[in-house]
> 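Questions regarding the structure given below will be posed in turn.
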Amino acid sequence: MDENGSRLKTRRQAIGPEQPQLFSPDLKAVKLLIATTNRGKLGEIFPLLAGLRLEIQTLADYPDVPVPDETGLTFAENARQKAVYYARHAGVVTVAEDSGLEIDALDGAPGVYSARYGGETTYPQKFALIEQQLRLIPDADRTARFVCAVAVAVGDDIAFETRGTVEGLITDEPRGTGGFGYDPIFYYPPFGCTLAEAGDRKSLVSHRGKAFRRLREWLAQQNSER
Ligand code: ITT
């Protein structure tokens, strides 16, 4: 791991002879599958990877691949699991991410269970559940963070991984209509608003923005090394 929480392998270590290659020697654009079923994530990831010499694919290119179970206990574990699962099924270099909201007063919940916190409920229902659980917690102690773990799989190998976080406070009611998921209850003090009110500024400071900018640097570096 380096100081950014990234684990790097050289191209030689990461890619064996039978593996799909991250960058082909003939300089053709290589396929990179962004393996997420979450359209909110996808909308943020596309601009963060725009302009790289890669043919970006999504799961729409692989409609027959079933969605895997997420059994990991950490964001990093789930990101690795998803990346390897889709890389095996699709046969192309694959990036997956696992992300979620950690609320300190709830011992880190919803954490890796963010997408299914409180069961198959709507986000307004999830916000109400969280507000009920935090009702006795003073504003200053409603600290929370979004975490995003990213993994790139080349065949069965993890070629790169990194993570990003953003710190904020949980509001007592939702505000804003932008973003997705828990953005309406995530207040970001430097902006003085929730991430659902932040518009395009979200990616400048978000967990996903930070993680995918590191991924972008790594991809660009791989490209320049060939
Ligand atoms: P994939 O596994 O297919 O990528 P998913 O939505 O199931 O999609 P996760 O298991 O990583 O993905 O769950 C992430 C959840 O965390 C997401 O559904 C939201 O509830 C929450 N979350 C993550 N990033 C967020 C963000 O930027 N803003 C708001 N909520 C976020």
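Note that ligands are numbered from 1 as they come in the structure, with each ligand's atoms numbered from 1 the same way. Being a predicted model, the structure only gives us computed values, none of them experimental.
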> Determine whether Leu169 and Asp139 make a side-chain contact, defined as any pair of heavy atoms from C-beta on separated by less than 4.5 Å.
no

> Can you pull out the closest protein heavy atom to atom 19 (C) of ligand 1? Residue, atom name and distance to 0.1 Å, please.
Tyr123 OH, 3.5 Å

> Just so I know, are the side chains of Tyr182 and Ser114 near enough to count as touching, which here means a heavy-atom distance under 4.5 Å?
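With C-beta onward as the side chain, the pair touches.
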
> Which residue and atom name correspond to the protein heavy atom nearest atom 28 (N) of ligand 1, and how close is it?
Asp183 OD1, 2.7 Å

> Does the structure place the NZ or CZ of Lys82 under 6.0 Å from the centre of the six-membered ring of Tyr85, at an angle of no more than 45° from the ring's axis?
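The answer is no, since Lys82 fails at least one limit relative to Tyr85.
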
> Show which atoms of ligand 1 fall inside a sub-4.0 Å distance from at least one heavy-atom site of His207.
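Matching atoms, with element in brackets: 24 (N), 25 (C), 26 (C), 27 (O).
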
> Got the closest protein heavy atom to atom 6 (O) of ligand 1, with its distance?
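Looking at atom 6 (O) of ligand 1, the protein heavy atom closest to it is Asn38 ND2, 2.9 Å.
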
> By number and element, which atoms of ligand 1 are closer than 4.0 Å to a non-hydrogen atom of Gly100?
16 (O), 23 (C)

> With a 4.5 Å cut-off on side-chain heavy-atom distances among I, L, V, M, F, W and Y, is there a chain of contacts connecting Val166 to Leu48?
no

> Looking at Asp104 and Arg145, is any side-chain nitrogen of the basic one under 4.0 Å from a carboxylate oxygen of the acidic one?
yes

> Would a distance-only check, ignoring hydrogens and angles, find a side-chain to backbone donor-acceptor pair under 3.5 Å from Lys202 to Gly178?
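Not at all, since once roles are kept as given, no pair shorter than 3.5 Å links the two residues.
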
> Specify the protein heavy atom at minimum distance from atom 23 (C) of ligand 1: its residue, its atom name, and the distance to 0.1 Å.
Ser99 OG, 3.2 Å

> Among all protein non-hydrogen atoms, which one is nearest to atom 2 (O) of ligand 1, and what is the separation to 0.1 Å?
Lys82 NZ, 2.6 Å

> Report the part of Phe146 in contact with ligand 1, treating N, CA, C, O as backbone and CB onward as side chain, heavy atoms under 4.0 Å; options are side chain, backbone, both, neither.
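Side chain only.
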
> Specify the protein heavy atom at minimum distance from atom 30 (N) of ligand 1: its residue, its atom name, and the distance to 0.1 Å.
Tyr182 N, 3.1 Å

> Consider only side-chain N and O atoms of Gln81 and Thr71, and report whether a donor and an acceptor are under 3.5 Å apart.
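On atom types as modelled, these side chains qualify, holding a pair under 3.5 Å.
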
> I need the nearest protein heavy-atom contact for atom 11 (O) of ligand 1: residue, atom name and distance, please.
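Minimum-distance protein heavy atom for atom 11 (O) of ligand 1 reads Lys41 NZ, 2.8 Å.
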
> At under 4.0 Å between heavy atoms, is it the side chain or the backbone of Phe186 that contacts ligand 1, or both, or neither?
neither

> Spell out, yes or no, whether Phe180 and Ile130 are grouped together once hydrophobic residues are joined by side-chain heavy atoms under 4.5 Å, including indirect joins.
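As far as the 4.5 Å side-chain criterion goes, Ile130 and Phe180 are not connected within one cluster.
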
> Which atoms from ligand 1 have a heavy atom of Lys202 less than 4.0 Å away?
26 (C), 27 (O), 28 (N)

> Does Leu101 have a non-hydrogen atom less than 4.0 Å from ligand 1?
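Judged by the 4.0 Å heavy-atom criterion, Leu101 does not count as contacting ligand 1.
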
> What is the nearest protein non-hydrogen atom to atom 29 (C) of ligand 1, stated with its residue, atom name and distance?
Phe180 O, 2.9 Å

> Looking at Lys126 and Glu131, is there a salt bridge between them, counting it only when a charged N and a carboxylate O are closer than 4.0 Å?
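Looking at Lys126 together with Glu131, the answer is no, because their closest N to O distance does not fall below 4.0 Å.
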
> Is there at least one pair of N or O atoms, one from Glu44 and one from ligand 1, spaced under 3.5 Å apart?
no

> Do the non-hydrogen side-chain atoms of Leu106 and Leu134 ever get within less than 4.5 Å of each other?
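Leu106 reaches Leu134 side chain to side chain.
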
> Looking at ligand 1, does Lys126 have a heavy atom less than 4.0 Å from it?
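No, Lys126 has no heavy atom closer than 4.0 Å to ligand 1.
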
